[in-house]
Amino acid sequence: MRIVMIGAGNLATQLARSLPAAGHEVVQVYSRSRESAELLAGRMGCEAVTELAAVRPDADVYVFAVKDSVLSQLVAALPQCGDDSVLVHTAGSMPMDLFASRSEHYGVFYPMQTFSKQRDVDFRQIPAFIESSDAFSHDVLCALASSLCDRVVEMSTEDRRYLHLAAVWACNFVNHCYDITSEVLSSHGIPFDVMLPLIDETARKVHELAPKQAQTGPAVRYDTNVMARHIALMAGEPQLQQLYKALSESIHNRFSNDRKQ
């Protein structure tokens, strides 16, 4: 398929770089940032544009991999595409039908993973969640997704919103905790990499145990002495104290409710 990338950020970069190996051609990259557009287009050997009016009309698929806050605006400004072109976005929490006024053929291709420009990923290992407006779009999206990912799941907009919420808990909030961990350690001259075996084992455990079964720590035991000492160590960080208390209470309450049942 001939594909135009609308966006040149983390996901757009990793997706574009994975497409040729799956038999597709990235024919153009659009970004509001000329530097970003030219960087990705240079890697793909295609044209870079910074004006939507310059987006070519003859691609098979237009992939919108941009921030949710600008997605609707860019869709509205896209020039008319070919009758058989399919418009798709990659957003976990945005509806499919924002394309409805622009094209008959549209859908969603949501690869659920965390992406960074500088770290390559194997799309074969990433589950892709798709939604389509009609049979033609369905066939195109299935073919595209299956050429990249081993696991392709059809999912409605409503269910995908909950999937995205769960992904924020599992990835973004967890990584924020890593960031806090790094600051706590660095302020006392302790390298972050001492945490890596613990982080890796925590992740490995949920491949074999339910997350609740894998939960350990002072909040499970409701060891108030340990928790109080931890909170005292964060005396200069009231926000972290509140976060620690809230998470500890949440863990304790979930286990208390189980014991009451």
Side-chain angles (χ1 to χ4, degrees), residues 3-19 26 28-37 39-41 48-55 59 61-79 81 85-119 121 123 126-133 137-138 140-141 144-145 148-149 152-177 179:
I3 297 174
V4 169
M5 296 299 307
I6 308 295
N10 293 336
L11 169 53
T13 295
Q14 290 302 323
L15 178 57
R17 293 174 70 176
S18 299
L19 286 166
V26 178
Q28 194 178 51
V29 174
Y30 161 85
S31 175
R32 292 181 297 178
S33 163
R34 177 161 295 281
E35 179 182 2
S36 295
L39 179 62
L40 181 54
V49 296
T50 57
E51 299 292 335
L52 282 171
V55 170
V61 180
Y62 295 79
V63 178
F64 288 75
V66 296
K67 295 188 298 183
D68 290 4
S69 58
V70 302
L71 179 56
S72 295
Q73 172 188 345
L74 293 179
V75 170
L78 186 74
C81 302
S85 297
V86 179
L87 310 183
V88 304
H89 71 67
T90 60
S93 59
M94 296 295 284
M96 173 181 69
D97 60 10
L98 60 84
F99 292 116
S101 64
R102 299 306 320 276
S103 176
E104 179 183 352
H105 308 307
Y106 56 88
V108 176
F109 170 68
Y110 173 48
M112 192 180 67
Q113 185 54 279
T114 175
F115 296 97
S116 298
K117 286 184 180 181
Q118 63 272 30
R119 182 174 173 80
V121 296
F123 267 81
I126 300 173
F129 299 87
I130 65 171
E131 187 179 15
S132 49
S133 63
S137 304
H138 177 268
V140 170
L141 268 172
L144 176 62
L148 289 164
C149 308
V152 178
V153 180
E154 293 188 48
M155 184 171 287
S156 68
T157 291
E158 185 64 21
D159 285 344
R160 184 165 29 85
R161 285 172 174 153
Y162 286 97
L163 180 70
H164 189 252
L165 169 62
V168 169
W169 278 105
C171 174
N172 305 132
F173 288 168
V174 169
N175 192 73
H176 178 62
C177 290
D179 185 32

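Here the structure is a predicted model, which is why all the values come from computation and not from measurement.
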Problem set entry | Side-chain heavy-atom pair Leu74, Phe64 within 4.5 angstrom cut-off | yes
Problem set entry | Contact check, side chains of Leu144 and Leu19, non-hydrogen atoms, under 4.5 Å | yes
For this session: For the pair Val70 and Arg32, evaluate side-chain contact (heavy atoms from CB on, under 4.5 Å) and give the outcome as yes or no after the intermediate values.
Result: CA-CA 11 Å; Val70 302; Arg32 292 181 297 178; 4.0 Å; yes
Exercise. About how many Å separate CD1 of Ile126 and OG1 of Thr114, when rounded to the nearest 0.5 Å?
Worked result: 10.0 Å
Problem set entry | Donor-acceptor contact present, side-chain Arg160 to main-chain Ala91, <3.5 Å | yes
For this session: Please check if the side chain of Glu131 supplies one atom and the backbone of Val108 the other of a donor-acceptor pair under 3.5 Å.
Result: no
Exercise. Judged by atom type as modelled, is there a donor-acceptor pair below 3.5 Å linking the side chain of Ser133 to the main-chain atoms of Glu104?
Worked result: yes
For this session: Check the pair Asp159 / Phe129 against side-chain contact (heavy atoms from CB on, under 4.5 Å), numbers first and verdict last.
Result: CA-CA 10 Å; Asp159 285 344; Phe129 299 87; over 6 Å; no
For this session: Taking all heavy atoms of Val4 and all of Ala59, pick out the closest pair and write down the distance.
Result: CG2-CB, 3.6 Å
For this session: Taking atom CZ of Phe173 as the centre, report whether more than 12 heavy atoms of other residues, nucleotides or ligands fall under 6.0 Å from it.
Result: yes
Problem set entry | pair Tyr110-His164: side-chain heavy atoms closer than 4.5 Å | yes
For this session: In sequence, state the C-alpha distance, the side-chain angles, and the governing distance for Tyr30 and Leu52, and then conclude on side-chain contact (heavy atoms from CB on, under 4.5 Å).
Result: CA-CA 7 Å; Tyr30 161 85; Leu52 282 171; 3.9 Å; yes
For this session: Apply ring-ring contact (aromatic ring centres under 6.0 Å, His included) to Tyr62 and Tyr106, showing your working.
Result: CA-CA 9 Å; Tyr62 295 79; Tyr106 56 88; over 10 Å; no
For this session: Indicate yes or no: at least one non-hydrogen side-chain atom of Leu15 is less than 4.5 angstrom from one of Leu148.
Result: yes
Exercise. Donor-acceptor pair, Gln14 side chain versus Arg119 backbone, under 3.5 Å?
Worked result: yes
Problem set entry | Heavy-atom side-chain contact between Leu87 and Cys81 under 4.5 Å | yes
Exercise. Can any side-chain N or O of His89 pair as donor or acceptor with the backbone N or O of Pro95 at less than 3.5 Å?
Worked result: yes
Exercise. Hey, what do you get for SG (Cys149) to CE (Met112), rounding to the nearest 0.5 Å?
Worked result: 11.5 Å
For this session: First locate atom OG of Ser156, then atom CE of Met96, and finally report the distance between them rounded to the nearest 0.5 Å.
Result: 9.5 Å
Problem set entry | Ala16 to Leu40 - nearest heavy-atom pair and separation | CB-CD1, 4.0 Å
For this session: Compare all side-chain heavy atoms of Leu11 with those of Pro111 and state whether any distance is below 4.5 angstrom.
Result: yes
For this session: To the nearest 0.5 angstrom, please state how far the NZ atom of Lys67 sits from the CD atom of Gln73.
Result: 10.0 Å
Exercise. Do Val75 and Arg102 have side chains that get closer than 4.5 Å, going by heavy atoms?
Worked result: yes
Problem set entry | Taking every non-hydrogen atom, the tightest pair across Ala37 and Ala8 | N-CB, 4.3 Å
Exercise. If you look at every heavy atom in Phe99 and Val88, which pair is closest and at what distance?
Worked result: CZ-C, 3.6 Å
Exercise. Sub-3.5 Å donor-acceptor pair from the side chain of Ser116 to the main-chain atoms of Gln118, do we have one?
Worked result: no
Exercise. If only atom types and distance count, is the side chain of Gln28 paired as donor or acceptor with the main-chain N or O of Met5 below 3.5 Å?
Worked result: no
Exercise. After noting the C-alpha distance and the side-chain angles of Lys117 and Ser36, does the key distance pass the side-chain contact (heavy atoms from CB on, under 4.5 Å) rule?
Worked result: CA-CA 11 Å; Lys117 286 184 180 181; Ser36 295; 4.0 Å; yes
For this session: Grab the two heavy atoms, one from Ser33 and one from Thr50, that are nearest each other, plus how far apart they are.
Result: C-CG2, 4.2 Å
Seminar exercise, completed: Between the CD1 atom in Ile6 and the CG atom in Leu71, the distance rounded to the nearest 0.5 Å is 10.5 Å
